[in-house]
There are 2 protein chains.
Amino acid sequence: MKNSQLYKGSLNTIIMKLLEEQHRMYGYEITQKVKEITKGELNITEGALYPALHKLEAEGLLDVEVEKVDNRLRKYYKLTEKGTTETVNRLAELEEFIKNMQTIVNPKLSY
Amino acid sequence: MKNSQLYKGSLNTIIMKLLEEQHRMYGYEITQKVKEITKGELNITEGALYPALHKLEAEGLLDVEVEKVDNRLRKYYKLTEKGTTETVNRLAELEEFIKNMQTIVNPKLSY
DNA sequence: CTATTATGCATAAGAAAATTATGTATATAT
DNA sequence: ATATATACATAATTTTCTTATGCATAATAG
């Protein structure tokens, strides 16, 4: 992941949220999707993405299906049942995190 | 910093924002303030805080003044001029980050 | 009166998560 | 023919944090 180092620690949550929404995606597609929805502000690096996907798979949160499209390899990932449950938790944590950060940035709005 | 690892990378920004607001604070005070405004959800560990303060000082973003209060040592930190300028940038980055994360969590709201 | 908790600093060892730099391979556009 | 896009992967290093200590004084509880 690139840019303002604030994104450190949020990659797994981003991956899981996108997979919840899109049902299945492959690695490169994830990088492009994130770039698109953040208008180019967040570029996930391959060195961060692929190890993250492998780890989530090893933890039983993702399943993988390999397919060949246009003679190129694609590894489609989707959430397992366990992964779907865990995504709910992660998103709740993310919303709490965002709320807390907003309170810190703009304390007056929290009254 | 404890909890959901989403906070990774946000400690420096938190410190700088609080110092911008409070003018000067000492380490322990920062941990208590953060605990207070996040209602106990975010606990900054000493092992993260003190090295972070030292690094910000080494980078010329913070100045330190040592004082003895009630026979106990306190190191008061405040933003340097450079630190104040940098804080503006960091907060802008934080707001962008929050906005991007919200778009990822709730893509429908972004239209 | 003594032991725990709170205040206040610090650092070292290790883990986690990223960046940076490669490497392989095919397809498309210049 | 060469660069860019697509698509995966991993190794070395760096950054950032947790965990575990360590020291010292003050206040509170048993």
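- The ring of Tyr26(A) has its center no closer than 6.0 angstrom to the ring center of Tyr77(A).
- Between Lys55(B) and dT16(D) there is a side-chain N or O to OP1 or OP2 distance below 4.0 Å.
- A close approach under 4.0 Å does occur between a side-chain nitrogen or oxygen of Arg74(B) and OP1 or OP2 of dG8(C).
- Each of Gln32(B) and Gly47(B) has a nearest nucleotide on DNA chain C; the 5'-most of these lies closest to Gln32(B).
- Rounded to a whole Å, the NZ atom of Lys68(A) is 13 Å from the P atom of dC8(D).
- Surrounding CD of Glu67(A) are more than 12 heavy atoms belonging to other residues, nucleotides or ligands, all under 6.0 Å away.
- Asn12(A) places its CG atom 12 Å from the P atom of dA16(C), with the value rounded to the nearest Å.
- One can place OH of Tyr50(A) at 16 Å from C1' of dA18(C), the figure rounded to the nearest angstrom.
- The nearest whole Å value for the distance from the CG atom in Leu49(B) to the C1' atom in dC9(C) is 10 Å.
- Proximity note for Pro51(A) (side chain, C-beta onward) versus dA18(C), dA7(D), dT10(D): the nearest is dT10(D).
- Closest to the side chain of Gln5(B), out of dA18(C), dA17(C), dC9(C), is dA17(C).
- Under 4.0 angstrom from either OP1 or OP2 of dC8(D) there lies no side-chain N or O belonging to His54(A).
- Note on Lys82(B) versus Glu86(B): no salt bridge recorded, every NZ/NE/NH1/NH2 to OD/OE distance being 4.0 Å or above.
- Between Leu19(A) and Lys78(A), every side-chain heavy-atom pair lies at or beyond the 4.5 Å cut-off.
- Phosphate proximity of dC8(D) to Tyr26(A): absent, as no side-chain N or O sits under 4.0 Å from OP1 or OP2.
- The CZ-C1' distance, from Arg72(A) to dC8(D), rounds to 11 Å in whole Å.
- Listed nucleotides: dA9(D), dG8(C), dT16(D). Nearest to the side chain of Glu46(A): dA9(D).
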